[in-house]
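This report refers to the structure that appears directly beneath it.
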Protein chains: 2
Amino acid sequence: MSRKIDPRIKRTKRLFKDALISLIQENYDKSKLTVQTIAERAELNRATFYLHYRDIDDLMEQTINEILEELHETMKGSSEDAHSQKGSSRLVSFLEHFYRNAGLYKVMLENKEFRKRVFAILLDIVTYWSDYRKMKGRSFNVPNEIVAASVLGIVSWWLEEGTPYSPTYLTNFIVERFK
Amino acid sequence: MSRKIDPRIKRTKRLFKDALISLIQENYDKSKLTVQTIAERAELNRATFYLHYRDIDDLMEQTINEILEELHETMKGSSEDAHSQKGSSRLVSFLEHFYRNAGLYKVMLENKEFRKRVFAILLDIVTYWSDYRKMKGRSFNVPNEIVAASVLGIVSWWLEEGTPYSPTYLTNFIVERFK
DNA sequence: TTGTTTAATTGATACCGTGTCAATAAAATA
DNA sequence: TATTTTATTGACACGGTATCAATTAAACAA
């Protein structure tokens with residue numbers, strides 16, 4: 001029963017994840033992404049890959065988990081700051097995180113599983129926001145799911161277009177639509 | 001200069017497209033979709049595939065074109081019917097077409113190119129709708145692109161959830177958000 | 001520091017899908 | 001019916017996958 005993780009494993013997994021992310025951000029054709037290419041980029045042996053991952057989907061899944069953990073961390077901070085009184089403040093920090101990592105998220109959002117996870121986070125944000133409005137007697141007149149789906153659509157488009165608006169400006173547009 | 005298309009070509013291409021669509025609708029893992037499998041399903045020889053298509057993406061592209069032509073045909077009809085006075089009537093016939101072919105569209109919308117094309121159609125609908133509202137002095141307060149992206153997000157979610165609302169009911173939700 | 005344990009590398013392997021080809025069979029056309 | 005075009009067949013080289021045993025390298029514990 002080893003208490004600490006072998007630093008070699010930690011390093012290797014980090015190198016593979018970084019390799020995947022860098023290839024994704026270069027808009028490397030996803031259908032042509034091979035274990036070979038990833039191993040080359042990571043400067044590790046191809047066989048080493050199989051010591052840690054079943055296949056590329058497995059690596060992808062673990063990488064997604066890591067990225068979303070980071071997103072959660074970012075969001076956690078924002079719900080404690082001064083703006084947290086406004087219902088839409090969490091949306092701003094959500095968008096800011098996407099803005100900072102636009103190249104990555106743009107491609108990652110093509111992944112169905114990733115989209116589902118992001119949708120769940122958005123639904124959380126919308127529900128929080130909805131409760132805030134309910135408190136003020138200004139409930140949404142559509143289900144939270146539809147609001148969340150709508151926001152996800154807008155965010156996808158925003159990334160696809162190269163983030164043409166700032167996170168706060170985009171938030172205004174989104175909020176505007178729910179007046 | 002042959003005036004008519006050889007019926008064998010027509011038949012072969014139809015068989016390949018039908019095979020692709022049936023595999024897609026069975027939710028066949030897209031990353032595992034091979035020319036072999038498609039040819040087997042079409043009950044044609046694998047080499048025949050290469051007489052008509054460069055690769056699977058090529059077949060996909062041609063299939064997408066065919067499906068979207070059908071969508072355009074459906075929409076064309078609706079802009080001439082009695083409801084065409086209302087700005088949102090085209091949206092209803094759009095959603096009805098998606099409702100009828102939900103299994104197919106649900107998966108097809110994962111394709112980036114397909115999504116782009118559907119977005120363009122939605123932008124068209126929204127622009128038409130927006131002009132109608134402008135005429136009545138009730139302009140949207142957000143860019144048409146954002147409205148279209150929002151609707152695309154809602155439609156994707158709606159298909160993903162197994163079309164929980166009827167096309168007209170969903171239209172009400174969407175329209176509701178722009179009062 | 002040394003011996004033990006664990007991880008990474010290397011070279012080999014069988015397997016599967018790709019894309020292309022020449023030869024042949026089958027169907028359409030005039 | 002003769003000619004043209006399409007589809008089939010079996011073969012091929014190529015490249016990526018997933019796994020293996022043997023070896024080298026790094027980490028850990030005493």
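Residue numbering restarts at 1 for every chain, and letters A, B, ... go by the order of the sequence lines.
- Backbone-only contact: A/Thr34 has heavy atoms under 4.0 Å from sugar-phosphate atoms and none from a base.
- Rounded to an integer number of Å, the gap from A/Glu40 CD to C/dT9 C1' is 15 Å.
- At a cut-off of 3.5 angstrom, counting only N and O atoms as typed in the model, there is a donor on one side and an acceptor on the other between the side-chain of A/Arg46 and the base of D/dA18.
- At whole-Å resolution of the value, CZ in B/Phe49 and P in D/dA7 are 13 Å apart.
- The aromatic rings of B/Phe173 and B/Tyr165 stand perpendicular to each other, their planes meeting at an angle above 60°, with 30° marking the opposite boundary.
- In this structure, B/Glu160 does not pair ionically with A/Lys116, as no charged nitrogen and carboxylate oxygen lie closer than 4.0 Å.
- If you take CD1 of A/Ile56 and C1' of D/dG16, they are 10 Å apart, rounded to a whole angstrom.
- A/Leu33 and A/Tyr28 get closest at one heavy-atom pair: CD1-CD2, 3.7 Å.
- Per the geometry, CG belonging to B/Leu15 stands 14 Å off C1' belonging to D/dT6, to the nearest Å.
- Using a 4.0 Å cut-off, no side-chain N or O of B/Thr12 falls inside it from OP1 or OP2 of D/dT6.
- Separating the CD1 atom of B/Ile5 from the P atom of D/dT6 is a distance of 11 Å, rounded to the nearest angstrom.
- Ion pair A/Arg115/A/Glu110 not flagged as a salt bridge, since none of the NZ, NE, NH1 or NH2 atoms sits closer than 4.0 Å to an Asp/Glu carboxylate oxygen.
- Side-chain proximity of B/His52 to the nucleotides C/dT9, D/dG16, D/dA7 is greatest for D/dA7.
- Of all nucleotides listed (D/dC28, C/dT10, C/dA8), C/dT10 comes nearest to the side chain of A/Asn45.
- For B/Arg8 and C/dA25, the CZ to P distance is 16 Å, given to the nearest whole Å.
- For the pair A/Arg14 and A/Asp18, the salt-bridge criterion is met [side-chain N within less than 4.0 Å of a carboxylate O].
- With rounding to whole Å, A/Ile38 atom CD1 is found 11 Å from D/dA18 atom P.
- In this structure, A/Arg54 places its CZ atom 15 Å from P of D/dT17, rounding to the nearest Å.
- Using a 4.0 Å heavy-atom criterion, one finds that A/Asp6 contacts the sugar-phosphate atoms exclusively.
- Between A/Lys13 and B/Tyr50, the residue whose closest nucleotide on DNA chain C is further toward the 5' end is A/Lys13.
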